[in-house]
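Worksheet: one structure, shown below.
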Amino acid sequence: MPIHPIIKHTWPGNYKDAVLLQERLRKRLVLHNETGDVRLVAGADVSYSRGSDTYYAGVVLLSYPSMELVEEAWASGKAVFPYIPGLLSFREGPVTLAALAKLKNKPDVLLFDGQGVAHPRGFGLASHMGVLTGIPSLGCAKSVLVGEYDEPGSTRGSDTPLVYKGEVVGRALRTRDGVKPVFISAGHMLDLETAAGIVLECSKGFRLPEPTRRAHLLVNRVRKMEEGKGHTPGGTPSPPTPSPARRGGLRKAGSLMSIYDALYAHYGPQHWWPGETPFEVMVGAILTQNTNWGNVEKAIANLKTAGALSAEAIHTMPDAELAELIRPSGYFNIKARRLKAFISYFMERYGGDVGRMKMAGCAALREEVLAVNGVGPETADSILLYALGCPTFVVDAYTKRIFSRHGFFPETADYHDVRKFFMDRLPVDVRLYNEYHALIVKLAKDRCLKKAGMCGLCLLTGKQIS
DNA sequence: GCGACAG
DNA sequence: ATCTTGTCGC
Ligand SMILES: [Mg+2]
């Protein structure tokens, strides 16, 4: 076995013993460069299950610097140690070592998704794994655990020191132009300069270097495969087959209405975007991209508190300041740009006046709004329907999931095809479209989750034909 | 004491 | 780490 632990220890089960072990093992750290010819690099990452304590580690072995796949390995186990910042290696270490042990070839360097010596006791995951395996190692973390740094320049390769208690313990390194840096620290048997050089060399068009990035992809793939095994032999849970009566036949126009009626009878009115101003609704439509409404409310509350919930205020606010306010909605840097792009359009074309905007007419508005950078079809339709009162049907992932599971169209169906599907079959009615979309969202979150499992409780059963 | 805090 | 939702540009 090419990777065998050169040091073995039992894994402590509590905080105090874990810290003591770190302090003991740390004395074995070698922090000068002992890498020679680097030809093979390995990356490791761990993936957890939500509902169980089973976790998986994936390892990929790649040629250096060409980054061609040489070997993959993975292992699973039971997580016994909780996640405690500073003690990550006690949670992820055991499975990671098991996966590493399955490699047939010995890597020259190991890359980990976490810190090396940039750690409260100078002994993060990468250092720990390096010492146990006796292989040079480095940490490439997505965020900082300890220390301070200045923002590096915006181009790939720019870096700044990460300083902790007056010492340079790592480096913020930009691996892609204009993308958040990663945080490099030496693990074991190499120095910071060497570590940063390897990470940059391994980074090919993504923020994360190939070894950790591909280990992450591998281990998530493995976990999902393994989790799917027990339930459906095929892997992914299969949606219910359309009933024989409907399969291949024409669907009655009334079926969408009967589904609406069933949802409305069950859930009642959803009161979506009732009291707020149209402007607030438009802001919300952009902020809610890829996030839940609760976080959007926090962001909007921040804007209100800052007196910034107006086109004027947002228009003149620096991007960074706006991003800070809308932080809770996620993707805040991108959304700050999108919000400003939309508001520039709104100010320049309509002077920030919703009434004037409405006069342009729904069809023209849809095209205009779609032309704004950051406004795609769903956001456009949300703005039109919920802020401007236009009769347009909003399609989202939930709509596709629910109706594709009943065979109305494939889940991969194009946005506009699905929109047309609904609009061709429903009366043109703003209030109906408004409520229907809200009910779809409600149903999806309640009992039509991505991971199928509550199909027995489906409210659409038997409702396909009116 | 309080907040920050890899994955 | 998990769960989950859009848009854009390369
Ligand atoms: Mg990880």
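The sequence lines fix the lettering, A, B, ..., with proteins before strands; numbering per chain opens at 1.
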### Summary
Here the pair of heavy atoms bringing A196(A) nearest to R171(A) is CB-NH1, 3.5 Å
### Query
Atom CG of L218(A) and atom NE2 of H216(A): how far apart are they, to the nearest 0.5 Å?
11.0 Å
### Query
CG of N220(A) versus P of dG7(B): gap in Å, rounded?
14 Å
### Task
Give one of base, sugar-phosphate or nothing for K445(A), where a contact means two heavy atoms less than 4.0 Å apart.
nothing
### Query
What stem regions, each of at least 3 consecutive Watson-Crick or G-U pairs below 3.5 Å, can be found for DNA chain C?
none
### Task
Give one of base, sugar-phosphate or nothing for Y331(A), where a contact means two heavy atoms less than 4.0 Å apart.
base
### Summary
Between A438(A) and Q270(A) the two heavy atoms that sit nearest each other are CB-CB, 3.6 Å
### Task
In whole angstrom, give the distance that lies between atom CZ of F332(A) and atom P of dT5(C).
21 Å
### Task
Side-chain contact test, heavy atoms from C-beta onward, threshold under 4.5 Å: evaluate it for V222(A) versus S47(A) and give yes or no.
no
### Message
Taking any heavy-atom pair under 4.0 Å as a contact, classify G86(A): base, sugar-phosphate, or nothing.
### Response
base
#### Entry: Nearest-Å distance for atom pair CG/C1', residues N295(A) and dC3(C)
12 Å
### Task
Would you please indicate if the ring centroids of F403(A) and F422(A) are separated by under 6.0 Å?
yes
### Message
Closest approach to the side chain of E378(A), judged atom by atom: which nucleotide of dT5(C), dG7(B), dA6(B) is it?
### Response
dT5(C)
### Task
Applying disulfide bond (SG atoms under 2.5 Å apart), name anything that partners C390(A), two or more places apart in sequence or on another chain.
C362(A)
### Task
Nearest whole angstrom, please: distance from the P of dT7(C) to the NE2 of H416(A).
10 Å
### Query
Looking at K450(A), does any N or O in its side chain come under 4.0 Å of the phosphate oxygens OP1/OP2 on dC3(C)?
no
### Task
Mind checking V182(A) for me? I need base, sugar-phosphate or nothing, with any heavy atom below 4.0 Å counting as a touch.
nothing
#### Entry: Protein-nucleotide distance (K451(A), atom NZ; dT4(C), atom P), rounded to Å
9 Å
### Message
What contact category does G374(A) fall into here, base, sugar-phosphate, or nothing, at under 4.0 angstrom with non-hydrogen atoms?
### Response
sugar-phosphate
### Query
Is P377(A) touching bases, backbone alone, or none of the nucleic acid, heavy atoms closer than 4.0 Å?
sugar-phosphate
### Task
Look at all strands and tell whether Q115(A) reaches a base, only sugar-phosphate, or nothing, counting heavy atoms closer than 4.0 Å.
base
### Task
Send over the distance from F90(A) CZ to dC5(B) P, rounded to a whole Å.
21 Å
### Query
Tell me: CG of L208(A) to C1' of dA1(C), nearest whole Å?
15 Å
### Query
T379(A) near the nucleic acid: base, sugar-phosphate alone, or nothing, with a heavy-atom cut-off under 4.0 Å?
sugar-phosphate
### Query
R223(A) near the nucleic acid: base, sugar-phosphate alone, or nothing, with a heavy-atom cut-off under 4.0 Å?
sugar-phosphate
### Query
Do F90(A) and H128(A) have their ring centres less than 6.0 Å from each other?
yes
### Query
Using 30° and 60° as the class limits, which term best fits the ring planes of Y345(A) and F342(A): parallel, tilted or perpendicular?
tilted
### Task
Could you tell me whether R419(A) sits above the aromatic face of F393(A), with NZ or CZ closer than 6.0 angstrom to the six-membered ring centre and within 45 degrees of the axis?
no
### Sugar-phosphate only, base, or nothing, as touched by S47(A) at under 4.0 Å among non-hydrogen atoms
sugar-phosphate
### Task
Using a heavy-atom cut-off of under 4.0 Å over every strand shown, decide if L87(A) touches base, sugar-phosphate, or nothing.
base
### Query
How is V144(A) classified with respect to the nucleic acid when contacts are heavy atoms under 4.0 Å: base, sugar-phosphate, or nothing?
sugar-phosphate
### Summary
Atom NE2 of H119(A) and atom C1' of dG7(B) are separated, to the nearest Å, by 12 Å
### Query
Touch check for H216(A), heavy atoms < 4.0 angstrom, all strands: base, sugar-phosphate only, or nothing?
sugar-phosphate
### Task
Would you classify D396(A) as touching base, sugar-phosphate or nothing, given that sugar-phosphate means primed atoms plus P, OP1 and OP2, and contacts are heavy atoms under 4.0 Å?
sugar-phosphate
#### Entry: Distance test, side-chain N/O of S89(A) to OP1/OP2 of dA6(B), below 4.0 Å
no
### Query
Is Y83(A) stacked on the base of dG7(B), with ring centres under 5.5 Å apart and planes under 30° apart?
yes
